[in-house]
Undergrad: 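Pasting in a structure now, in structure tokens, and then I'll have a few things to ask.
The sequence lines fix the lettering, A, B, ..., with proteins before strands; numbering per chain opens at 1.
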2 protein chains.
Amino acid sequence: MSEIKQSSTNFANKLALSDECPEVYASHIIGGQWTLVICSWLLNGKLRFGELSKKIPGITERMLTLQLRKLEEHKIISRTVYAEVPPRVEYELTEIGYALKSVIMELEVWGKSHKDLIDPSV
Amino acid sequence: MSEIKQSSTNFANKLALSDECPEVYASHIIGGQWTLVICSWLLNGKLRFGELSKKIPGITERMLTLQLRKLEEHKIISRTVYAEVPPRVEYELTEIGYALKSVIMELEVWGKSHKDLIDPSV
DNA sequence: TTAGGTACTATAAATAATGTAAGTAATGAG
DNA sequence: CTCATTACTTACATTATTTATAGTACCTAA
């Protein structure tokens, strides 16, 4: 997060991969540490900054801000500011953001079966 | 890759998230920079180290090794060594590894539509 | 004896992502 | 005037991931 050096080999690699494989492209977009949690919560409806912050224990305000900004950049969520004091800002999935639902559900299914395989005790 | 400090907040966060949300758990496993490309190639059948290396331009041998080890650890691929000279090692998806197919396909679908949305010129 | 192929390993350095802690603006309530 | 509330921002520190470069073991074939 925060910085990407467009001259790095790393950047070039990511670009090349994303260019060829849509699935890698997708994973680079939603692969952030907190991205999926945020989207999962938003699947249930719009939420304010503070609500997200409470629902996601462990995330710092800085990280939440950064991730939300990134998601907004990628048109996955929309941000609505209400001119009130104290301020109110609501985040909501866009159409393409909402379309992540099937991806998330597949990940969920796979994740569960993988977990069962690795740790059958549960 | 390579090192994880089990005392860091970051580590704790990942653990907690993975614990609660199977989809986050899954994305932490397959979210590596090269993971999905490797799996995608292996969906078509077993491949040798050198073959993967050729099919994935840009990846260094070190990275390929690390990713393959990680995938093996997670039981997503299996590794078969043939006692020959020069050596031959084959990698193949396990059952749960092959089950990633539906995840990958959903990612692919979403990735394509997202790309179209962002850059409709193509 | 030397060169060559295969699948790695070792070490160091560069990049990127995340965390910590403090501070800001606006304004209405008291 | 002071405090509380909300959604951030900023500067800096730490941790994690990725790249670069070189080298290893093994046997075989020339």
Side-chain angles (χ1 to χ4, degrees), chain A residues 1-17 24 27-35 37-38 46-72 77 79-91, chain B residues 1-17 24 27-35 37-38 46-72 77 79-91:
Chain A
M1 218 78 220
S2 46
E3 287 164 67
I4 294 187
K5 201 173 256 185
Q6 303 204 353
S7 56
S8 68
T9 311
N10 194 286
F11 179 77
N13 279 335
K14 279 191 181 161
L15 208 65
L17 281 172
V24 177
S27 91
H28 286 166
I29 290 184
I30 61 165
Q33 174 151 204
W34 304 96
T35 314
V37 211
I38 295 173
K46 55 176 71 167
L47 286 173
R48 300 177 57 177
F49 185 89
E51 292 173 323
L52 278 169
S53 182
K54 268 169 220 149
K55 284 178 184 300
I56 308 175
I59 199 170
T60 59
E61 296 193 330
R62 174 181 143 80
M63 268 301 116
L64 184 52
T65 304
L66 286 174
Q67 300 280 344
L68 288 171
R69 290 280 182 285
K70 187 183 162 193
L71 287 170
E72 202 192 344
I77 62 176
R79 180 169 177 266
T80 312
V81 184
Y82 295 88
E84 307 172 355
V85 166
R88 181 158 63 100
V89 180
E90 284 183 348
Y91 294 94
Chain B
M1 220 78 221
S2 45
E3 286 163 68
I4 295 185
K5 197 173 261 184
Q6 304 204 352
S7 56
S8 68
T9 310
N10 193 286
F11 178 77
N13 280 335
K14 278 190 182 164
L15 209 63
L17 282 172
V24 178
S27 92
H28 286 166
I29 290 184
I30 62 165
Q33 173 148 208
W34 305 95
T35 314
V37 211
I38 295 173
K46 54 176 70 165
L47 286 173
R48 301 178 56 178
F49 184 89
E51 292 174 322
L52 279 169
S53 183
K54 268 169 220 148
K55 284 179 184 301
I56 308 176
I59 198 171
T60 59
E61 297 193 329
R62 175 178 145 80
M63 267 301 116
L64 184 52
T65 303
L66 285 175
Q67 301 279 345
L68 289 171
R69 289 281 183 284
K70 187 182 162 195
L71 287 170
E72 203 193 342
I77 60 175
R79 179 169 178 267
T80 313
V81 184
Y82 295 87
E84 307 172 353
V85 167
R88 181 157 64 99
V89 181
E90 285 183 347
Y91 294 94

Undergrad: State, with a plain yes or no, whether a side-chain heavy atom of B/Val24 is found less than 4.5 Å away from one of B/His28.
TA: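 A side-chain contact exists here, since the closest heavy-atom pair is under 4.5 Å.
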Undergrad: If you look at every strand shown and take non-hydrogen atoms under 4.0 Å, does A/Gln33 touch a base, only sugar-phosphate, or nothing?
TA: sugar-phosphate
Undergrad: Rounded to the Å, how far apart are A/Glu72 CD and D/dA7 P?
TA: 15 Å
Undergrad: Nearest-Å distance, CH2 (A/Trp34) to P (C/dT18)?
TA: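 Those two atoms, CH2 and P, are 9 Å apart.
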Undergrad: If only side-chain N and O atoms of A/Ser53 are considered, is one of them under 4.0 Å from the OP1 or OP2 phosphate oxygen of D/dA7?
TA: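 It does not, given that no N or O in the side chain of A/Ser53 lies less than 4.0 Å from OP1 or OP2 of D/dA7.
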Undergrad: Can you check the A/Lys14 NZ to D/dT19 P distance for me, whole Å?
TA: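 Result: 9 Å.
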Undergrad: Of all residues at least two apart in sequence or in a different chain, which pass the side chain to side chain contact (heavy atoms under 4.5 Å, CB included) check with A/Thr9?
TA: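 With sequence neighbours excluded, A/Thr9 shows a side chain to side chain contact (heavy atoms under 4.5 Å, CB included) to A/Asn13, given in chain and number order.
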Undergrad: For A/Glu90, give me all partners under salt bridge (charged side-chain N to carboxylate O under 4.0 Å, His left out), at least two apart in sequence or on another chain.
TA: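 Once residues adjacent in sequence are excluded, the partners of A/Glu90 under the salt bridge (charged side-chain N to carboxylate O under 4.0 Å, His left out) criterion are A/Lys46, A/Arg88.
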Undergrad: Which pair of heavy atoms, one from A/Gln67 and one from A/Gln33, lies closest together, and at what distance?
TA: NE2-N, 4.4 Å
Undergrad: Whole angstroms only, please: what is the CD1-P distance between B/Ile56 and C/dA7?
TA: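 That distance rounds to 14 Å.
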Undergrad: To the nearest Å, how far apart are A/His28 NE2 and C/dA16 C1'?
TA: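 Spelled out: NE2 on A/His28 to C1' on C/dA16 is 13 Å.
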Undergrad: Holding to side chain to side chain contact (heavy atoms under 4.5 Å, CB included), I want the full list of residues that pass it with A/Lys5, two or more places apart in sequence or in another chain.
TA: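 Once residues adjacent in sequence are excluded, the partners of A/Lys5 under the side chain to side chain contact (heavy atoms under 4.5 Å, CB included) criterion are A/Ser7, A/Ser8.
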Undergrad: Using whole Å, what does the distance between atom P of nucleotide D/dA7 and atom CD1 of A/Ile77 come to?
TA: 14 Å
Undergrad: Looking at residues at least two apart in the chain, or sitting in another chain, which of them share a side-chain hydrogen bond (donor to acceptor under 3.5 Å, both in side chains) with A/Ser53?
TA: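 A/Ser53: no side-chain hydrogen bond (donor to acceptor under 3.5 Å, both in side chains) contacts found.
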Undergrad: With a cut-off of 6.0 Å (strictly less than), are more than 12 heavy atoms of other residues, nucleotides or ligands near CD of A/Gln6?
TA: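 It does not: A/Gln6 CD has 12 such atoms or fewer within range.
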Undergrad: Between C/dG19, D/dT17, D/dT18, which one does the side chain of B/Asn13 approach most closely?
TA: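 Nearest nucleotide to the side chain: C/dG19.
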Undergrad: Between protein and nucleotides 20-23 of chain D, what N or O pairs are separated by less than 3.5 Å?
TA:
from   : atom 1 : to     : atom 2 : distance (Å)
D/dA20 : OP1    : A/Thr9 : OG1    : 2.6

Undergrad: Return the nearest nucleotide to the side chain of A/Gln67; candidates are C/dT18, D/dA7, C/dA17.
TA: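 Nearest to the side-chain atoms of A/Gln67, counting from C-beta on, is C/dT18.
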Undergrad: Just jot down the side chain to side chain contact (heavy atoms under 4.5 Å, CB included) partners of A/Thr80, sequence neighbours excluded, or say none.
TA: A/Tyr82
Undergrad: Once you round it to whole Å, what is the distance between P of C/dT6 and CD of B/Glu84?
TA: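 One finds 12 Å between P of C/dT6 and CD of B/Glu84, rounded.
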Undergrad: Assign each of A/Gly31 and B/Thr65 to its nearest nucleotide of DNA chain C by heavy atoms, then name whichever residue's nucleotide is nearer the 5' end.
TA: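 The residue whose closest nucleotide sits nearer the 5' end is B/Thr65.
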Undergrad: Can you name the atoms? Protein N/O to nucleotides 1-6 of chain D N/O, anything below 3.5 Å, with the distance.
TA:
from  : atom 1 : to      : atom 2 : distance (Å)
D/dT6 : O3'    : A/Arg48 : NH2    : 3.1
D/dT6 : O3'    : A/Pro87 : O      : 3.0

Undergrad: Are A/Ile77 and A/Ile38 packed together at the side-chain level, in the sense that at least one heavy-atom pair is separated by less than 4.5 angstrom?
TA: no
Undergrad: When all nucleic acid strands are considered with a 4.0 Å heavy-atom cut-off, which category describes B/Tyr91: base, sugar-phosphate, or nothing?
TA: sugar-phosphate
Undergrad: Taking for each residue the nucleotide of DNA chain C bearing the nearest heavy atom, is the 5' side occupied by A/Ile59 or by A/Asn10?
TA: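 Per heavy-atom nearest nucleotide, the more 5' residue is A/Asn10.
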Undergrad: Rounded to the Å, how far apart are B/Glu51 CD and C/dT6 P?
TA: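 Distance check: B/Glu51 CD to C/dT6 P gives 10 Å.
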Undergrad: Under the side chain to side chain contact (heavy atoms under 4.5 Å, CB included) rule, collect the residues that match up with A/Ile59, sequence neighbours excluded.
TA: A/Trp34, A/Ile56, A/Met63, A/Leu64
